[in-house]
*Asks:* 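After the structure tokens below, expect a handful of questions from me.
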Amino acid sequence: MLDIKLIRTQPDFIKECLAHKQIADGAALVDEVLRLDERRRTLLVEVEQLKRTRNEDSQQVARLKRSGEDATEIITRTREIGDRISTLDAESRGVEAALESKLLEIPNIHAPDVPIGADESENVEVGRWGDVPQFDFEPRPHWEIGEALNIIDFERGAKISGSRFYVLRGVGARLERALIAFMLDVHTARHGYTEIFPPFLVRSESMVGTGNLPKFGEDSYNIPGDDLWLVPTAEVPVTNLHRDEILDAGELPIKYAAYTACFRREAGAAGRDTRGIIRVHQFNKVEMVKFVTPETSYAELDSLRRDAEEILELLELPYRTVELCTGDLGFKGTKAYDVEVWLPAQDTYREISSCSNFEAFQARRASIRYRPLDAGGKPGKPEFVHILNGSGLAVGRTFAAILENFQNADGSVRIPRALQPYLGGLEVIEV
RNA sequence: GGAGGGAUGGCAGAGCGGUUGAAUGCGACGGUCUUGAAAACCGUUGAGGCGCAAGUCUCCGGGGGUUCGAAUCCCUCUCCCUCCGCCA
């Protein structure tokens, strides 16, 4: 959520930012917010004046009654004021609710240095690591390798749960578990994150806090009778850990790493990535979430991205990192990097981590603040923290990348050295 | 699932429907005293909206209601606790 004061004072700037984000009705949205905000403040002034009068009158009633005098006249008069207040309050609540819901639909604005662009084709590559493997045979896609090794079972996954579900078995199941443990170990032991194991079901409020509701409800699975949602990412429960809290400046930065399964309906993805485990309804992911002071958030974004990249380096997987242009930045971010792993069979890099700074966008929605210290070290007024998050990494896609990058001509797959201890020393997966 | 009890400021804990945004204690911060510290004493100490400001309004788990007036009464939701049932 954006600061209403910013919209009020710089509406044209906001409209321009929304246009860069390719938001078609951005200007109309801003105008509607301005209109509602104006109306809200007008009502507020009027109703507050009436309430003041009522408060004074009520105290007058109290005085009269105490001294045993008659108060019926003033009570009658105040009753009318009360009715007027009820009417205005009702209208005020309506306007307030409308304003709130509009505000929740307005995307975040981008940081000033983000490249302007229409879509992902205008993202800017900012780094590249590792040598793309050369094969003296035609590299096979991970779904073929996985089935041949009898570690991925698509058919039975579909039987049990439908399309875009799969089953891991044997070494496959263990590899998945190994990756999760490995990633969490690196982030906690080397990168200083605190491990969190959150609930996989969250309430609507939590989804609103991170920006997954009200606009993107179709993307997630909802449990209708219970107002619960299956987490689309650990970002949702972990960010909401500190909802409605005021943190001490000394606690920041707070860095959490959490594994969860992630559930996504992929409603708009019909026909895309239908094969393999790149795009499925349930996948595992280790997520990093940071709560930081505003001055440090862009430096924290850089280190967050590095923390994700280092996992790939330790796993010997080639990747590149792109900075998202305004058109690809999405709803919540001010600035974001995608880390993309090399997938030989697709002959391309595919997103395996997305690292974003949201500045105060989520903090404002979820009311997560901290108490800054002034020059003399005294605690001041609460301010919103900046929140960032990034995948570290998408486990299923890492699994696929390992199969494809380390495949041998005979169908076996080499296990990267860093992962071997997590697989009982296994060096190669063989048929 | 059934039966009860509860939710108040950073924490603990009062609060006959009428100067209660809220006693008191602890904590924190500032000061006095001290070579320094402790103790003692004094003072300060919630959040938000509108407003240039003075100020004003709102908030005692959330929402709604009764009333001239609600932390206090009523309804409802959420969460927590105790007992029973069920259960990995």
Side-chain angles (χ1 to χ4, degrees), chain A residues 1-9 33-103 197-209 213 223-229 237 240-252 254 360 363-385:
Chain A
M1 185 155 74
L2 294 175
D3 186 353
I4 180 70
K5 287 182 188 136
L6 184 64
I7 300 177
R8 199 185 295 154
T9 53
V33 163
L34 290 174
R35 189 186 70 77
L36 289 166
D37 179 52
E38 184 65 41
R39 182 70 187 138
R40 182 184 74 96
R41 285 185 295 155
T42 304
L43 283 168
L44 211 53
V45 169
E46 195 177 345
V47 81
E48 281 188 4
Q49 186 55 47
L50 287 170
K51 281 184 179 175
R52 179 184 182 174
T53 308
R54 184 182 65 181
N55 288 347
E56 287 166 357
D57 286 356
S58 294
Q59 293 190 2
Q60 181 65 19
V61 171
R63 271 193 293 274
L64 289 172
K65 292 214 167 180
R66 251 198 304 275
S67 61
E69 294 175 60
D70 178 58
T72 49
E73 186 188 330
I74 195 165
I75 285 176
T76 309
R77 189 180 77 206
T78 307
R79 186 177 292 141
E80 285 165 17
I81 294 176
D83 292 344
R84 180 89 182 114
I85 289 173
S86 300
T87 310
L88 286 176
D89 253 347
E91 185 180 355
S92 182
R93 272 199 298 272
V95 171
E96 190 96 39
L99 178 61
E100 175 82 4
S101 81
K102 282 291 166 205
L103 238 26
F197 200 113
F200 289 12
L201 291 169
V202 296
R203 297 217 284 217
S204 295
E205 293 167 80
S206 298
M207 293 283 277
V208 171
L213 282 179
I223 317 290
D226 292 294
D227 182 38
L228 286 171
W229 299 77
N240 278 281
L241 232 34
H242 293 298
R243 176 148 48 88
D244 296 323
E245 290 184 17
I246 299 175
L247 305 164
D248 289 332
E251 297 179 74
L252 303 178
I254 294 173
R364 198 171 282 114
R365 287 171 162 254
S367 186
I368 304 174
R369 294 171 291 174
Y370 78 110
R371 206 174 283 283
L373 301 178
D374 65 19
K378 290 187 194 170
K381 286 280 172 199
E383 281 178 23
F384 291 113
V385 295

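Since the model is a prediction, treat every value here as computed from it, not as a measurement.
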*Asks:* Considering only side-chain heavy atoms of A:Thr78, which listed nucleotide, B:C68, B:G65, B:A47, is closest?
*Replies:*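 That would be B:C68.
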*Asks:* About how many Å separate CZ of A:Arg365 and CD of A:Glu205, when rounded to the nearest 0.5 Å?
*Replies:*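 Here the rounded value is 13.5 Å.
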*Asks:* Taking B:C81 as the reference, what is the distance to B:G30 when you measure between their P atoms (whole Å, please)?
*Replies:*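 Approximately 38 Å lies between the P atom of B:G30 and that of B:C81.
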*Asks:* Base, sugar-phosphate or nothing for A:Arg364? Non-hydrogen atoms, less than 4.0 Å.
*Replies:*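 No contact at all - A:Arg364 keeps every heavy atom at 4.0 Å or more from the nucleic acid.
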*Asks:* Under 4.0 Å from OP1 or OP2 of B:G64: is there any side-chain N or O of A:Arg93 that close?
*Replies:*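 A:Arg93 to B:G64 OP1/OP2: side-chain N or O found under 4.0 Å.
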*Asks:* Just the rounded figure in Å: distance from C1' of B:U67 to CD1 of A:Ile85.
*Replies:*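 That distance rounds to 13 Å.
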*Asks:* Nearest to the side chain of A:Glu48 - B:G49, B:G51, B:U56?
*Replies:*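 The listed nucleotide nearest to A:Glu48's side chain is B:G49.
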*Asks:* Rounded to whole angstroms, how far apart are CG on A:Leu99 and P on B:G49?
*Replies:*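 Distance check: A:Leu99 CG to B:G49 P gives 13 Å.
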*Asks:* Rounded off to whole Å, could you give me the CG-to-P distance for the A:Asp89 and B:G69 pair?
*Replies:*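 For the pair A:Asp89 CG and B:G69 P, the rounded distance is 12 Å.
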*Asks:* Report the nucleotide, chosen from B:C57, B:C50, B:C68, that has the shortest atom-to-atom distance to any side-chain atom of A:Arg52.
*Replies:*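 Per side-chain heavy atoms of A:Arg52, the pick is B:C57.
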*Asks:* Output the distance between atom CG (A:Leu228) and atom CE (A:Met207), rounded to the nearest 0.5 Å.
*Replies:*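 Interatomic distance, A:Leu228 CG to A:Met207 CE, rounded to 0.5 Å: 10.5 Å.
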*Asks:* Nearest whole angstrom, please: distance from the P of B:G48 to the CD1 of A:Ile4.
*Replies:*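 My rounded result for the distance is 17 Å.
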*Asks:* By nearest heavy atom, map A:Gly82 and A:Glu383 onto RNA chain B; which one lands nearer the 5' end?
*Replies:*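 On the 5' side of the pair lies A:Glu383.
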*Asks:* Using the rule side-chain contact (heavy atoms from CB on, under 4.5 Å), only one of A:Asp83, A:Ile81, A:Leu88 pairs with A:Ile85; which is it?
*Replies:*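 Option passing the side-chain contact (heavy atoms from CB on, under 4.5 Å) with A:Ile85: A:Ile81.
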*Asks:* Looking at B:G46, B:G18, B:C50, which one has an atom nearest to any side-chain atom of A:Ser58?
*Replies:*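 It is B:G18.
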*Asks:* Sticking with atom P, work out how far B:U66 lies from B:C29, rounded to a whole angstrom.
*Replies:*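 After rounding to an integer number of Å, I get 47 Å for this pair.
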*Asks:* Looking only at side chains, do A:Ser367 and A:Arg243 share a donor and an acceptor under 3.5 Å apart?
*Replies:*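 No, no side-chain donor-acceptor pair sits under 3.5 Å.
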*Asks:* I need the A:Ser92 OG to A:Arg41 CZ distance, nearest 0.5 Å.
*Replies:*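 Rounded to the nearest 0.5 Å, the OG-CZ separation comes to 13.0 Å.
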*Asks:* Taking the C1' atom in each of B:G15 and B:G21, what is the distance between them to the nearest angstrom?
*Replies:*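 My reading of the C1' atoms in B:G15 and B:G21 gives 13 Å.
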*Asks:* Under a 3.5 Å cut-off for both contacts, is B:C83 paired Watson-Crick or G-U wobble with anything, and if yes, with which nucleotide?
*Replies:*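 Partner of B:C83: B:G2.
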*Asks:* Just wondering, do A:Arg39 and A:Thr42 contact through their side chains at under 4.5 Å, heavy atoms?
*Replies:*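 In short, these two side chains touch, coming nearer than 4.5 Å.
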*Asks:* Specify the separation, in whole Å, of atom CG of A:Asp83 and atom P of B:G65.
*Replies:*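 From A:Asp83 CG to B:G65 P: 13 Å.
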*Asks:* When you compare B:G62 with B:A70, how far apart are their P atoms, in angstrom units rounded to a whole number?
*Replies:*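 That atom pair is separated by 16 Å.
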*Asks:* State, without any angle test, whether A:Arg63 and A:Gln60 hold a side-chain donor-acceptor pair at a distance under 3.5 Å.
*Replies:*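 Their side chains do contain a donor-acceptor pair, which is all the 3.5 Å distance test asks for.
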*Asks:* In whole Å, measure the gap between the P atoms of B:U19 and B:G10 for me.
*Replies:*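 After rounding to an integer number of Å, I get 23 Å for this pair.
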*Asks:* Return no unless some side-chain N or O of A:Arg371 is found under 4.0 Å from OP1 or OP2 of B:A47.
*Replies:*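 For A:Arg371, the contact criterion (side-chain N or O under 4.0 Å from OP1 or OP2 of B:A47) is met.
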*Asks:* With heavy-atom distances below 4.5 Å as the criterion, would you say the side chains of A:Arg8 and A:Val33 are in contact?
*Replies:*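 Counting from C-beta outward, A:Arg8 and A:Val33 never come under 4.5 Å.
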*Asks:* For a quick check of understanding: with a heavy-atom distance under 4.0 Å over all strands, which category does A:Lys381 fall into, base, sugar-phosphate or nothing?
*Replies:*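 The residue A:Lys381 makes sugar-phosphate contact but no base contact.
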*Asks:* In whole angstrom, give the distance that lies between atom CD of A:Gln49 and atom P of B:G55.
*Replies:*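 In whole Å, B:G55 P lies 16 Å from A:Gln49 CD.
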*Asks:* If the P atom of B:A23 is compared with that of B:C74, how far apart are they to the nearest Å?
*Replies:*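 It works out to 25 Å between them.
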*Asks:* Name the closest nucleotide to the A:Arg54 side chain, picking from B:U58, B:G18, B:C50.
*Replies:*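 Looking only at side-chain atoms, A:Arg54 lies closest to B:U58.
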*Asks:* Of A:Arg79 and A:Arg40, whose nearest nucleotide on RNA chain B comes first from the 5' end?
*Replies:*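 Upstream on the strand: A:Arg40.
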*Asks:* Heavy atoms from C-beta onward define the side chain here; which of B:C68, B:G18, B:C50 lies closest to that of A:Ile75?
*Replies:*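 Of the options given, the side chain of A:Ile75 lies nearest B:C68.
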*Asks:* Please measure how far the P atom in B:A40 lies from the corresponding atom in B:A53, and state the result in whole Å.
*Replies:*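 Pairwise P distance, B:A40 against B:A53, rounds to 42 Å.
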*Asks:* OP1 or OP2 of B:C57 versus the side-chain N and O atoms of A:Asn55: is any pair under 4.0 Å?
*Replies:*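 A:Asn55 to B:C57 OP1/OP2: side-chain N or O found under 4.0 Å.
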*Asks:* Base, sugar-phosphate or nothing for A:Leu44? Non-hydrogen atoms, less than 4.0 Å.
*Replies:*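 Sugar-phosphate, backbone atoms only, no base.
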*Asks:* Both distances under 3.5 Å, Watson-Crick or G-U wobble: report the partner of B:U34, or none.
*Replies:*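 Partner of B:U34: none found under 3.5 Å.
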*Asks:* Would you mind reading off the distance between A:Lys51 atom NZ and B:G55 atom C1', rounded to a whole angstrom?
*Replies:*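 After rounding, the gap between these two atoms is 17 Å.
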*Asks:* Using Watson-Crick or G-U wobble geometry with both distances under 3.5 Å, which nucleotide pairs with B:C60?
*Replies:*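 Looking at the geometry, B:C60 pairs with no nucleotide.
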*Asks:* Atom CG of A:Asp37 and atom P of B:C50: how far apart are they, to the nearest Å?
*Replies:*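 Distance check: A:Asp37 CG to B:C50 P gives 8 Å.
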*Asks:* Tell me the partner of B:A70, counting only Watson-Crick (N1-N3 plus N6-O4 or O6-N4) or G-U wobble (N1-O2 and O6-N3) with both under 3.5 Å; none if nothing fits.
*Replies:*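 With both distances under 3.5 Å required, B:A70 matches none.
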*Asks:* Considering only the C1' atoms, how many Å lie between B:G25 and B:G17, rounded to the nearest integer?
*Replies:*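 One C1' to the other, the span is 28 Å.
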*Asks:* Base, sugar-phosphate alone, or nothing: which one does A:Arg77 contact when heavy atoms must sit under 4.0 Å apart?
*Replies:*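 Counting heavy atoms under 4.0 Å across all strands, no contact is made by A:Arg77.
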